[in-house]
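Naming convention: chains lettered A, B, ... in sequence-line order (proteins, then strands); numbering from 1 in each chain. Treat the numbers as computed from the prediction; the structure is a model and nothing was measured.
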2 protein chains.
Amino acid sequence: MAKRAIPDIVIGRLPVYLRALNFLVAEGRQVTSSQELGDRLGISSAQIRKDLSHFGEFGKQGTGYDIAFLRQQLSEILKVNRMWDVALVGAGNLGKAIADYPGFVGKGFNIIAIFDNDPAKIGQIMGINHVTVQPVEELERTLRERGIVVGIIATPAEHAQAIARTMVEGGVKAILNYAPITIMVPPGVHVQYIDPVVGLQRMTYYLA
Amino acid sequence: MAKRAIPDIVIGRLPVYLRALNFLVAEGRQVTSSQELGDRLGISSAQIRKDLSHFGEFGKQGTGYDIAFLRQQLSEILKVNRMWDVALVGAGNLGKAIADYPGFVGKGFNIIAIFDNDPAKIGQIMGINHVTVQPVEELERTLRERGIVVGIIATPAEHAQAIARTMVEGGVKAILNYAPITIMVPPGVHVQYIDPVVGLQRMTYYLA
DNA sequence: TAGATTGTTAATCGATTAACAATC
DNA sequence: TAGATTGTTAATCGATTAACAATC
């Protein structure tokens with residue numbers, strides 16, 4: 001009998017909880033409550049308690065949650081208490097900014113390979129890990145050889161679907177897609193989108 | 001009697017529909033159906049029809065939707081059939097990549113002011129609109145003077161809340177926040193988040 | 001202890017889907 | 001016309017919330 005799957009929407013909130021806990025740690029705080037977290041995140045305390053209850057009992061009645069402990073637990077649940085090797089495709093302005101972004105450090109991700117199709121880019125050393133840009137023809141083989149299962153797409157929209165396909169063939173199971181296009185992948189492969197235009201357009205509806 | 005508000009979750013999908021329609025136009029297509037759109041986006045055709053039905057009748061039985069027409073209608077609904085002036089705060093690596101990003105062109109947004117607190121950055125000319133970076137002290141006044149209601153935060157996390165507050169005081173009603181922290185804003189101010197770490201951590205749970 | 005807060009239940013609320021009459 | 005697809009209804013499904021016993 002399979003355990004009932006935990007809803008995607010619950011999984012989706014855990015990284016946000018984790019981010020808030022990191023911030024509280026940085027503030028030097030020791031203990032928090034579902035009420036305080038909810039106030040900070042703009043969601044109800046009941047929802048936070050319910051979400052956490054899918055995974056176990058992490059708090060103490062009357063006291064709340066030990067911040068460091070809950071952070072550790074959430075890291076384990078999300079499997080980010082270890083490092084995931086990441087391949088980045090696209091070494092243009094956007095790809096370079098991603099490779100240089102310091103925010104991945106300590107969050108479970110490490111960009112260890114970068115690919116581009118522009119001869120001028122290939123061979124350049126890029127990003128906080130000083131990775132040499134490889135030709136995109138080497139993508140699939142490199143993914144396999146290094147056992148990489150997480151990919152980031154930072155190419156123009158017209159190449160995103162083809163790159164996604166190659167990534168999947170190379171064994172990638174999770175894709176962060178910065179290209180402004182919905183990509184199709186087989187079942188079992190996960191995709192998340194980063195599209196600032198979508199973010200902005202979600203708000204203009206409400207403006208005068 | 002107030003019209004029943006359209007659910008946020010419906011509004012949130014419209015930019016994704018719009019993105020798909022833009023892609024179909026680029027492919028030279030004229031007509032599509034809820035079925036085809038749904039297949040491309042990985043959602044049900046019924047949901048697309050239901051979502052659109054909140055706003056009117058845009059299709060023809062037996063035929064489907066005229067792509068250019070539906071695109072125009074969605075642009076109007078989302079109020080992106082005009083240009084929104086945008087202020088960007090943070091002119092570091094990330095801010096520079098945002099200012100240089102060509103994807104805002106033709107999507108309703110125009111970065112017309114950039115701010116930073118680093119004297120080395122102030123005075124630099126940056127981005128596809130060749131904007132001169134201003135000191136952050138001028139943020140609130142500039143927002144007011146130019147009637148800017150859309151802001152982008154690309155500062156380190158520790159400054160994001162203060163910048164958000166200044167933006168709100170300057171009249172901003174929609175904030176796209178790249179800083180990895182949840183910010184608190186008054187009712188009526190909208191926030192969307194761009195956090196690649198959250199995107200990646202939402203997927204690792206499902207990996208082996 | 002008294003006060004606070006959890007974890008959980010049951011009720012409410014809202015979103016999605018299936019199905020089909022209408023009609024192009 | 002015959003075939004296709006919309007817009008909409010009602011049913012289903014799932015998520016959120018309120019409330020509170022348990023207990024630190």
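Contact between the side-chain N/O atoms of Tyr65(A) and the OP1/OP2 oxygens of dG7(C) is found at a separation under 4.0 Å.
A salt bridge does not link Asp85(B) with Arg146(B): every distance from a Lys NZ or Arg NE/NH1/NH2 to an Asp or Glu carboxylate oxygen is 4.0 Å or more. Ionic pairing of Arg40(B) and Glu27(B) is present here: one or more N-O contacts between side-chain nitrogen and carboxylate oxygen are shorter than 4.0 angstrom. A salt bridge does not link Glu169(B) with Arg141(B): none of the charged nitrogens is closer than 4.0 Å to a carboxylate oxygen.
In this structure, the nucleotide among dT6(D), dG7(C), dA15(C) sitting nearest to the side chain of Ser34(B) is dT6(D). The side chain of Ser33(B) lies closest to dT5(D), out of dT5(D), dG7(D), dT6(C). Side-chain proximity of Lys50(B) to the nucleotides dT6(D), dT9(D), dT8(C) is greatest for dT9(D).
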**Prompt:** Taking only Watson-Crick and G-U wobble pairs with both distances under 3.5 Å, what dot-bracket line describes DNA chain D, where [ ] shows pairs that cross earlier ones and | shows pairs with another strand?
**Reply:** ..||||||||||||||||||||||

**Item:** Under 4.0 Å protein heavy-atom contacts per nucleotide of nucleotides 19-24 of chain D, with B for base, S for backbone only and - for none
**Value:** B--BBB

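Along DNA chain D, the nucleotide nearest to Thr32(B) and the one nearest to Val10(A) differ in position, and the one closer to the 5' end is contacted by Thr32(B).
Rounded to whole Å, atom P of dG7(C) lies 15 Å from atom CD of Gln35(A). In this structure, CD1 of Ile6(A) is placed 12 Å from P of dA15(D), rounded to the nearest angstrom. When rounded to the nearest whole Å, the span between CD1 of Ile48(B) and P of dT6(D) equals 9 Å. One interatomic measurement links the two molecules: CD of Glu36(B) to P of dT5(D), which rounds to 10 Å at whole-angstrom precision. The CG atom of Leu41(A) sits 14 Å away from the P atom of dT16(D) (whole-angstrom rounding). Atom CD of Gln47(B) is separated from atom P of dT5(D) by 19 Å (rounded to the nearest Å). Atom P of nucleotide dG7(D) and atom CZ of Phe55(B) are separated by 13 Å, given to the nearest angstrom. The interatomic distance linking Ile11(B) (CD1) with dA15(C) (P) rounds to 11 Å, in whole Å.
If you check the side chains of Gln35(B) and Asp39(B), you find a donor sitting under 3.5 Å from an acceptor.
Between Phe109(B) and Phe104(B), the two ring planes are perpendicular [angle over 60°; tilted spans 30° to 60°].
Gln201(A) contributes a side-chain N or O that, together with a main-chain N or O of Lys107(B), makes up a donor-acceptor pair within less than 3.5 Å.
Taking the ring axis of Tyr205(A) as reference, the NZ or CZ atom of Lys79(B) stays within 45° of it and closer than 6.0 Å to the ring centre. For Arg19(B) and Tyr193(A), the positive end sits near the middle of the six-membered ring, less than 6.0 Å away and at most 45° from its axis.
Environment of CD in Gln30(A): sparse, with no more than 12 heavy atoms of neighbouring residues, nucleotides or ligands closer than 6.0 Å.
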